[in-house]
Protein chains: 2
Amino acid sequence: MNVEEIIKTEKKLPIEQRTMIHYALVFNKIREEFSLALKPFEISEQQFNVLRILRGQKGKPANLSTINERMVTKMSNTTRLVDKLILKGFAERWVCPENRRKVEIMITDNGKKELEKIDLAVSRTEERLLQGFSHQELEQLNALLDKF
Amino acid sequence: MNVEEIIKTEKKLPIEQRTMIHYALVFNKIREEFSLALKPFEISEQQFNVLRILRGQKGKPANLSTINERMVTKMSNTTRLVDKLILKGFAERWVCPENRRKVEIMITDNGKKELEKIDLAVSRTEERLLQGFSHQELEQLNALLDKF
DNA sequence: CCTTTACATTTGTCTATACAATTGTTGTCG
DNA sequence: CGACAACAATTGTATAGACAAATGTAAAGG
């Protein structure tokens, strides 16, 4: 990936600015690949993320604020996101008996099955995106990302 | 930035998955900082990007497809984006005389002046985001990003 | 010329997201 | 207890973005 070529500029960018643009370009590529991988399942990246969180609860229900807290990209209204998962039969929701302000949300068996299929497609995408990296380079990248 | 802590998971993620999540988390942080920096100017990141492209033309007008081509994040409708810049008096647009299918878009003096102010705020943000990095680390990061 | 094809931009429409206001519930303190 | 603050989720609304269809213009081929 050549930054200058992609954004068609001849002038030399300061390294800081170049890094930022570079970062965004790579992110766009990643997002594109992911949404392509998710398209056949008719599920958004956010919905996929929530499903993974719900599965991570291992039988325990999650409430909305828990989900929000754990989401990679925080959303302003997770309610409607969960609505869609429920509509698809991948999750269910009820009012929390101990605290009626809260709701409890759980992944359904159907949701789990679907998620397994999606996981496969997603991890294939991840591997494809990262195929040019050695294990050491991945560690290096993670270490650099930690500095942000 | 500790990935596992942020998304509140105890289990060890495979390095590929961890890298992807890490990447997205950092991107969110960057985006947040940028939109904060741009907020006082009431301009979106995309609009800012287009303004920079227009300035990069150095007097020559740009047409829509040129802008689209050079944008960091490609947009489906750049028309309406330019509309907003025109509304703010930062750009002007007319039909291309040689080829009436095309339009010619130029940054105005007003737009240039505003852009200079925004540039300052943005580069301060960039520096702040990257303050933990040595020059060598920035080069390293750029080299790794190239591998995508 | 006239029809067809390709091109460049614009418009329509539907969905996603951001942000604020609202609803319903619980906890606290005089 | 009763008023009020704090909490959790939902709803309303306005804006941004994705995608497809439509418009207007130019080029190509018979």
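The chains referred to below are lettered A, B, ... by the order of the sequence lines, with proteins before strands, and numbering in each begins at 1.
Within the structure, a side-chain polar atom (N or O) of K84(B) is placed less than 4.0 Å from OP1 or OP2 of dA16(D). Considering only side-chain N and O atoms, R93(A) lies under 4.0 angstrom from the phosphate OP1 or OP2 of dT10(D). Distances shorter than 4.0 Å separate none of the side-chain N or O atoms of S65(B) from OP1 or OP2 on dC7(C). Between dT25(C) and R101(A), no contact under 4.0 Å exists linking OP1 or OP2 to a side-chain N or O.
Between F48(B) and F41(B), the ring centre distance reaches or exceeds 6.0 Å. In summary, the aromatic rings of Y23(B) and Y23(A) are positioned with their centroids under 6.0 Å apart.
If you measure from atom NZ of K39(A) to atom C1' of dA18(D), you get 9 Å, rounded to the nearest angstrom. Rounded to an integer number of Å, the gap from I67(A) CD1 to dA8(D) C1' is 13 Å. Atom pair N68(B):CG and dA18(D):P shows a separation of 11 Å (rounding to whole Å applied). When the P atom of dG27(C) is taken as reference, atom CD of E98(A) falls 12 Å away, rounded to whole Å. Computed from coordinates, the W94(A) CH2 to dT25(C) P distance equals 19 Å when rounded to whole Å. Atom C1' of nucleotide dT15(D) and atom CG of N77(B) are separated by 12 Å, given to the nearest angstrom. For the pair M75(A) CE and dG17(D) P, the computed distance is 15 Å after rounding to whole Å. Atom CG in D83(A) sits about 15 Å away from atom P in dT15(C), given to the nearest Å.
In this structure, S44(A) and N99(B) both approach DNA chain C, and ranking their closest nucleotides by distance from the 5' end singles out N99(B). Along DNA chain D, the nucleotide closest to R100(B) and the one closest to S76(A) are compared, and the more 5′ of them pairs with S76(A).
Under 3.5 Å, the side chains of R70(A) and Q57(A) contain a donor-acceptor pair of N or O atoms. With 3.5 Å as the limit, one finds a donor-acceptor pair spanning the side chains of T66(A) and N63(A).
Residue A62(B) comes nearest to L54(B) through the heavy atom pair CB-CD2, 4.0 Å, listed as atom of the first residue, atom of the second, then distance.
Contacts of T79(A) with the nucleic acid, taken as non-hydrogen atoms under 4.0 Å apart, include base atoms.
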